[in-house]
2 protein chains.
Amino acid sequence: MSDAEVAEDVPQDFDALKAAILERKASLPKRLKQVAAYALDHPDEIAFGTAASIAASAEVQPSTLVRFAQHFGFEGFSSLQQIFRARLRERAPAYEDRLKSLGDNDHSRLESGAILNGFVAAAHRSLDNVATSVDPEKFEAAADLLARAETIYLIARRRSYPLSSYMAYAFGKLKIRCQTVGTAAGIDEDLLSMASPRDAAFAVSFSPYATETVHQARLLATRGVPVVSLTDSAFSPLSESARFWFEIVEADHAGFRSLSASMAFAMALTVAVAERRRRLASQHME
Amino acid sequence: MSDAEVAEDVPQDFDALKAAILERKASLPKRLKQVAAYALDHPDEIAFGTAASIAASAEVQPSTLVRFAQHFGFEGFSSLQQIFRARLRERAPAYEDRLKSLGDNDHSRLESGAILNGFVAAAHRSLDNVATSVDPEKFEAAADLLARAETIYLIARRRSYPLSSYMAYAFGKLKIRCQTVGTAAGIDEDLLSMASPRDAAFAVSFSPYATETVHQARLLATRGVPVVSLTDSAFSPLSESARFWFEIVEADHAGFRSLSASMAFAMALTVAVAERRRRLASQHME
DNA sequence: CAAATAATCGAACAAACATTCCATATTGAC
DNA sequence: GTCAATATGGAATGTTTGTTCGATTATTTG
């Protein structure tokens with residue numbers, strides 16, 4: 001056999017390339033795997049950058065990029081880059097009328113796809129709602145209140161529980177003391193008995209309201225513990241006990257509501273509290 | 001007046017540049033008008049091509065391109081080209097507009113308001129991503145797989161845990177048997193040992209990947225239990241074990257990611273499974 | 001119609017580019 | 001542990017790049 005290369009199956013579009021990378025990633029040497037991960041995670045950078053700039057970002061040598069391209073059958077880095085550019089070329093016009101395309105894209109042909117589309121659209125609507133319905137001054141004040149707490153008690157159950165568990169995770173990462181209430185049955189009362197007015201609570205409940213959440217929020221409020229709450233209705237019994245309360249109505253799809261907008265709100269509140277607390281700490285030091 | 005150039009209003013984004021070109025188009029010399037027309041008609045070419053290749057396509061000299069750029073206040077052709085590249089780079093132009101209108105509402109005056117706006121915008125972008133990146137056929141197939149399971153095992157930890165806890169809540173309401181894994185330490189192994197190929201698992205893990213989740217997904221896969229997984233990178237070790245896997249990249253605000261898009265996806269999958277199961281049941285009865 | 005001004009061309013240039021090559025380091029087989 | 005094979009880093013290389021600049025052509029002005 002001659003040295004002449006028989007036309008290998010060089011990936012001709014981005015999807016084929018992505019598939020090829022994923023297929024061979026396990027058997028790739030260290031640096032090439034590094035490039036592979038970078039390429040799939042930052043495709044735009046590959047499309048626009050120069051070999052030198054991309055190499056610096058991916059923390060490899062430029063020559064490694066060339067080797068990577070050759071590993072996948074390309075002549076050099078430049079020809080691989082064409083794939084990434086073509087991807088951007090083809091995808092760009094889709095943004096022009098994206099909302100239109102959402103209506104008649106592949107998804108709607110399949111029942112499950114229509115369901116996914118429905119929830120995505122509902123989440124969009126819910127998010128728009130958040131931006132307009134949340135009073136920024138109240139938000140600021142709530143963040144300030146929670147930031148001054150020694151321990152933040154997170155009260156939530158059932159449908160609201162994912163929110164509090166995510167906030168607990170984030171608060172933990174941000175080194176802010178918090179305590180979730182509502183997980184294991186029985187010990188809630190003991191936990192809450194430790195709460196003092198120097199602490200604070202964040203209670204979440206959507207209708208139908210979990211009676212324990214309402215009860216516990218009321219209990220804390222009477223004991224002088226400031227409560228911030230999140231509900232989906234101004235008539236929620238939670239609003240009685242709360243110093244500040246927010247109303248977020250999630251749009252529904254076919255009667256089911258996701259937590260997309262509430263999640264964005266919860267995360268924003270969490271970060272706002274952390275930011276506020278950082279500022280309070282620096283003021284104390286001066 | 002000195003020769004020193006006072007900072008002209010050099011267009012900083014594509015829309016501004018487009019407006020400037022259209023405004024001055026009439027008073028442009030012949031060749032420069034030629035370039036202007038080509039630039040607006042083939043913006044992608046300008047973004048990706050070299051000065052030489054573009055000049056050839058537009059039937060002008062490369063130096064004309066430089067002069068064109070300088071006429072509009074740019075230092076050279078390269079800096080003008082950046083505008084055309086940025087246009088393709090920007091992920092969510094549709095929401096840029098929406099944000100611009102949000103940008104000068106009450107929220108932005110306050111720091112916490114800006115944080116909330118940021119997370120809402122990030123969630124919008126993430127949702128767009130979901131709609132385009134999830135393959136509807138794969139989604140349908142995954143829903144079908146999970147619908148046929150006797151028990152659905154939900155594997156998630158840390159940042160992913162809120163997703164599985166919400167799905168568990170929803171599955172419970174929909175009377176679909178499921179079992180969350182990863183809550184209490186110790187009993188996970190016992191729970192998973194009961195899983196059979198007639199069951200199925202849904203595993204979620206975002207980087208940094210929890211090793212237990214990866215391990216447990218792999219364990220189930222080797223035992224013949226079909227696994228569907230959700231990750232934020234094609235490089236996730238979870239994708240190896242999964243029959244079907246989905247990649248959802250949450251846009252971040254200031255380095256923090258919310259779960260808005262993943263929540264919408266999780267809810268859509270949950271409802272799709274329920275819908276699928278309802279249909280399977282009615283077929284059996286016929 | 002002639003002079004003056006502006007626009008264009010195309011060659012020349014230095015900087016940046018992708019690529020190659022080879023010495024060194026790492027990995028895997030025995 | 002030793003050796004062979006592969007992978008890597010980094011400098012050298014020849015090419016291509018964007019840009020500049022003087023000569024040439026077109027356009028305007030008196």
Side-chain angles (χ1 to χ4, degrees), chain A residues 3 5 8 10-11 17 20-21 24-39 42-86, chain B residues 3-5 8 10-11 17 20-21 24-39 42-86 235:
Chain A
D3 212 18
E5 299 200 2
E8 289 183 53
V10 181
L17 175 60
I21 291 176
R24 296 172 56 180
K25 80 167 199 201
S27 63
L28 243 37
K30 189 175 151 199
R31 285 286 120 92
L32 295 191
K33 201 182 296 182
Q34 205 171 318
V35 172
Y38 184 87
H42 311 276
D44 289 8
E45 290 300 315
I46 307 270
F48 289 116
T50 69
S53 70
I54 296 165
S57 296
E59 296 180 331
V60 290
Q61 294 288 331
S63 49
T64 307
L65 293 180
V66 177
R67 273 196 295 266
F68 177 80
Q70 288 168 343
H71 252 77
F72 285 91
F74 297 94
E75 197 185 316
F77 169 72
S78 300
S79 34
L80 174 133
Q81 194 176 34
Q82 294 309 317
I83 303 291
F84 284 78
R85 295 189 165 182
Chain B
D3 213 17
E5 299 198 8
E8 291 183 53
V10 182
L17 176 60
I21 291 177
R24 298 173 54 180
K25 185 182 168 190
S27 62
L28 245 36
K30 188 177 152 199
R31 286 287 125 92
L32 294 192
K33 201 182 295 181
Q34 207 172 316
V35 173
Y38 184 86
H42 311 277
D44 289 7
E45 289 300 316
I46 308 269
F48 289 116
T50 68
S53 70
I54 297 165
S57 296
E59 297 180 334
V60 285
Q61 293 290 329
S63 50
T64 308
L65 293 180
V66 177
R67 274 184 290 116
F68 177 80
Q70 287 168 345
H71 261 259
F72 285 92
F74 297 95
E75 198 184 316
F77 169 71
S78 300
S79 34
L80 175 133
Q81 193 176 34
Q82 292 309 316
I83 303 291
F84 284 80
R85 294 189 165 182
F235 265 75

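Just so we're on the same page: letters track the sequence lines, and every chain starts at 1.
Minimum atom distance to the side chain of P29(B) is reached by dT8(C), of the listed dA7(D), dG9(D), dT8(C). Side-chain atoms of F77(B) lie closest to dT19(D) of the nucleotides dG10(C), dT19(C), dT19(D). Closest approach to the S63(A) side chain among dG18(D), dT8(C), dT20(C) is made by dT20(C) (side chain taken as heavy atoms from C-beta onward). For P62(B), the listed nucleotide lying nearest its side chain is dT19(D); candidates were dT19(D), dA7(D), dC21(C).
In terms of phosphate contacts, R67(A) brings no side-chain nitrogen or oxygen within less than 4.0 Å of OP1 or OP2 of dA7(D). In this model, the phosphate group of dT8(C) is not approached by any side-chain N or O of Q61(B) to a distance below 4.0 Å at OP1 or OP2. In this structure, S78(A) reaches the dT19(C) phosphate: one of its side-chain N or O atoms is under 4.0 Å from OP1 or OP2.
Judged by distance alone, with hydrogens and angles left aside, the side-chain atoms of Q81(B) form a donor-acceptor pair with the main-chain N or O of I46(B) at under 3.5 Å. No side-chain donor-acceptor contact under 3.5 Å links R31(A) to the backbone of T64(A). Looking only at distances, no side-chain donor or acceptor of E45(A) sits under 3.5 Å from a matching main-chain atom of I54(A).
When the C1' atom of dT27(D) is taken as reference, atom CG of L28(B) falls 16 Å away, rounded to whole Å. Whole-Å rounding puts the H71(A) NE2 to dT8(D) P distance at 8 Å. Rounded to whole Å, the distance from CZ on F68(A) to P on dG9(D) is 15 Å. As rounded to whole Å, 7 Å separates atom P of dT8(D) from atom CZ of R31(A).
T64(B) comes within 4.0 angstrom of the backbone, heavy atoms only, and of no base. Q70(A) comes within 4.0 angstrom of sugar-phosphate atoms only, judged by non-hydrogen atoms across all strands, and of no base.
A donor N or O paired with an acceptor N or O is not found under 3.5 Å between the base of dG18(D) and the side-chain atoms of T50(B).
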